[in-house]
Amino acid sequence: MADLLTRRAPGAASGIASAPRARTYAEVTELRARHPEAVAAALADRVRRTSFVPDDGRLMVVAADHPARGALSARGRADAMASRTELLDRLRTALARPGVDGLLATADIAEDLLLLGALEDKVVIASMNRGGLAGSVFEMDDRMTAYDVPGIVESGFDAGKMLLRIDRDDPGTVSTMETCARAVTELNRAGKVAMVEPFLSSRSSSGAGGGKVVNDLTPEGVITSIHVGQGIGASSARTWLKLPVVDDMERVMEATTLPTLILGGDPVAAPDATYETWRKALALPAVRGLVVGRALLFPPDDDVATAVDTAVSLVR
């Protein structure tokens, strides 16, 4: 344990005391149990990027905030993300690939990777509202249950991401809108990027709580969600959008001048077909990159490195 507590982080200057890092998942648990202050020390010691956007103006981000909403499935496997250590293995592989800029995650995953030294010189987008648990009767209640703005600032992270699902038949939607708007305003005032992921959503007519939540992925539905999402907050100076790829994407992207990252979702198509839709979307001026989780972390052949390298080649 003494070695664990004195090990220097990657990039730390020789002879300068540094935050502890873990080499194994057992050591991560040991640090969390006996030295929780190691997280704050590692945050303070982490090598950070000087700007959110690289010189080429493009971003390739790996997403891993689905488990905090109870969404553990990928490509038809209901328990694909049930093993935290397997998920971390896949994330570490992805983050280590050349051209990958960073991570979108909740605190539990981000801090595991931090203690393992996997977030050095990476952009970190903190996931904020994870209250709408997948499949629950309160799924549309997207409360802020993960990072808040002070936590993002204290962690030295770059951005906060929020899900803004808009259900015209759910009076609770306006509360979500107000909360997200406040977060956009506070992030802007703190000099942090606000990443808004808007959807027009509704429940099917049958089932518990009124049925399954369905997002409107028609061009018209996404265009409407863009206009609502980009209009919240007291300033849009630091607002980015996170959007799905849908039909007629050129017309969809005419709805905004905000920089946009394309999300991956849980694809059902063959990887080559998915990559082609990303390629076409990435050719549009407002689209600045990808923020993808399951499509890259759980490819059909389980070759995470090759899937990530393919995505990077599309972004850059």
May I have the step-by-step check of side chain to side chain contact (heavy atoms under 4.5 Å, CB included) for Trp240 and Leu258, ending in yes or no? CA-CA 6 Å; Trp240 286 52; Leu258 296 182; over 6 Å; no
Decide salt bridge (charged side-chain N to carboxylate O under 4.0 Å, His left out) for Arg165 and Glu139; before the verdict, give the C-alpha distance in whole Å, the side-chain angles of both, and the deciding distance to 0.1 Å. CA-CA 10 Å; Arg165 291 185 289 190; Glu139 182 170 352; 3.2 Å; yes
Apply the test side chain to side chain contact (heavy atoms under 4.5 Å, CB included) to residues Tyr25 and Asp89: give CA-CA distance (whole Å), side-chain angles for both, the deciding distance (0.1 Å), then the verdict. CA-CA 10 Å; Tyr25 298 128; Asp89 282 341; 2.6 Å; yes
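Side-chain contact check for Leu297 versus Leu87: some heavy-atom pair is nearer than 4.5 Å. At least one side-chain heavy atom of Leu59 sits less than 4.5 Å from a side-chain heavy atom of Phe52. Val222 is listed as a side-chain neighbour of Pro244, based on a closest heavy-atom distance under 4.5 Å. For the pair Leu261/Leu241, no side-chain contact is recorded, criterion being any heavy-atom separation below 4.5 Å from C-beta on. You'll find the side chain of Pro67 reaches within 4.5 Å of the side chain of Arg84, heavy atoms only. With contacts defined as side-chain heavy-atom distances shorter than 4.5 Å, the pair Lys192/Arg238 does not qualify. Contact of the Leu104 side chain with the Ser127 side chain is registered, since non-hydrogen atoms from C-beta on lie closer than 4.5 Å. In this structure, Val100 and Val308 have side chains that are in contact, with non-hydrogen atoms separated by less than 4.5 Å.
Formation of a donor-acceptor pair under 3.5 Å by the Thr173 side chain with backbone atoms of Asp167 is found in this model. Between the side chain of Arg92 and the backbone N or O of Leu113 there is no donor-acceptor pair closer than 3.5 Å. Judged purely by atom type and a 3.5 angstrom limit, Thr239 has no side-chain atom pairing as donor or acceptor with the backbone of Gln230. Counting only distance, with no hydrogens or angles, the side chain of Asp303 and the backbone of Thr306 share a donor-acceptor pair below 3.5 Å. Under a 3.5 Å cut-off, the side chain of Ser155 and the backbone N or O of Phe157 do not form any donor-acceptor pair. Side-chain atoms of Ser175 never come within 3.5 Å of backbone atoms of Gly172 as a donor-acceptor pair (strictly under, hydrogens ignored). Looking only at distances, no side-chain donor or acceptor of Ser73 sits under 3.5 Å from a matching main-chain atom of Gly76. Although no hydrogens or angles enter the test, the distance criterion places a donor-acceptor pair under 3.5 Å between the side chain of Arg316 and the main chain of Gly99. Asp158 contributes a side-chain N or O that, together with a main-chain N or O of Val124, makes up a donor-acceptor pair within less than 3.5 Å. A side-chain donor-acceptor contact under 3.5 Å links Glu27 to the backbone of Arg23.
Summarising the geometry, atom OG1 belonging to Thr256 is positioned 7.5 Å from atom CG belonging to Leu243; distances are rounded to the nearest 0.5 Å. Here the straight-line distance linking atom OG1 of Thr24 with atom CD of Glu30 works out to 9.5 Å at 0.5 Å rounding. In this structure, Leu72 CG and Ser83 OG are separated by 11.0 Å, a value rounded to the nearest 0.5 Å. Note: Phe298 CZ to Arg90 CZ = 4.5 Å, rounded to the nearest 0.5 Å. With rounding to the nearest 0.5 Å, the separation of CG in Leu163 from CE in Met144 is 9.5 Å. Put simply, OH on Tyr275 and OG1 on Thr310 are 4.5 Å apart, with the number rounded to the nearest 0.5 Å.
Of all non-hydrogen atoms in Met162 and Cys180, the two that sit nearest each other are SD-O, 3.5 Å. Nearest heavy atoms, Pro271 versus Arg75: CG-NH2, 4.3 Å. The two atoms that bring Leu103 and Ala64 nearest to each other are CD1-CB, 4.4 Å, heavy atoms only. In this structure, Thr260 and Met253 approach most closely via the heavy-atom pair OG1-CE, 3.5 Å. Smallest separation of non-hydrogen atoms from Ile232 and Val184: O-CG1, 3.8 Å. Considering every non-hydrogen atom in both Arg21 and Leu116, the closest pair reads CD-C, 4.5 Å.
With Asp101 as reference, Arg49 is the one residue of Arg49, Lys122, Arg58 to meet the side-chain hydrogen bond (donor to acceptor under 3.5 Å, both in side chains) rule.
In the model, Asn215 has a side-chain atom that pairs as donor or acceptor with a side-chain atom of Ser201 under 3.5 Å. Donor-acceptor pairing under 3.5 Å is lacking for the side chains of Asp65 and Tyr147.
With respect to the salt-bridge test (charged N to carboxylate O, under 4.0 angstrom), the residues Glu197 and Lys161 qualify. Between Arg32 and Asp112, at least one side-chain N (NZ, or NE/NH1/NH2) sits under 4.0 Å from a carboxylate O, which counts as a salt bridge. Look at Arg279 and Glu276 and you find a salt bridge, because one of the NZ, NE, NH1 or NH2 atoms lies within 4.0 Å of a carboxylate O, short of that distance. The pair Asp169-Arg203 does not meet the salt-bridge criterion, since no charged nitrogen lies less than 4.0 angstrom from a carboxylate oxygen.
Residue Ile166 is not grouped with residue Met140 when hydrophobic side chains (ILVMFWY) are merged at heavy-atom distances under 4.5 angstrom, including chains of intermediate members. Residues Val213 and Val246 are members of separate hydrophobic clusters, defined by side-chain heavy-atom contacts under 4.5 angstrom among Ile, Leu, Val, Met, Phe, Trp and Tyr.
Taking a 6.0 Å sphere around CG of Asp247, one finds it holds 12 or fewer heavy atoms contributed by other residues, nucleotides or ligands. Heavy atoms of other residues, nucleotides or ligands lying less than 6.0 angstrom from CZ of Arg189 number 12 at most. When the shell of 6.0 Å around CD of Glu86 is examined, it contains more than 12 heavy atoms from other residues, nucleotides or ligands.
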Donor-acceptor pairs are to be reported for all side-chain atoms of residues 36-44 against protein atoms at under 3.5 Å, with residues two or more places apart or in another chain.
unit_1: Glu37; atom_1: OE2; unit_2: His35; atom_2: ND1; d: 3.2

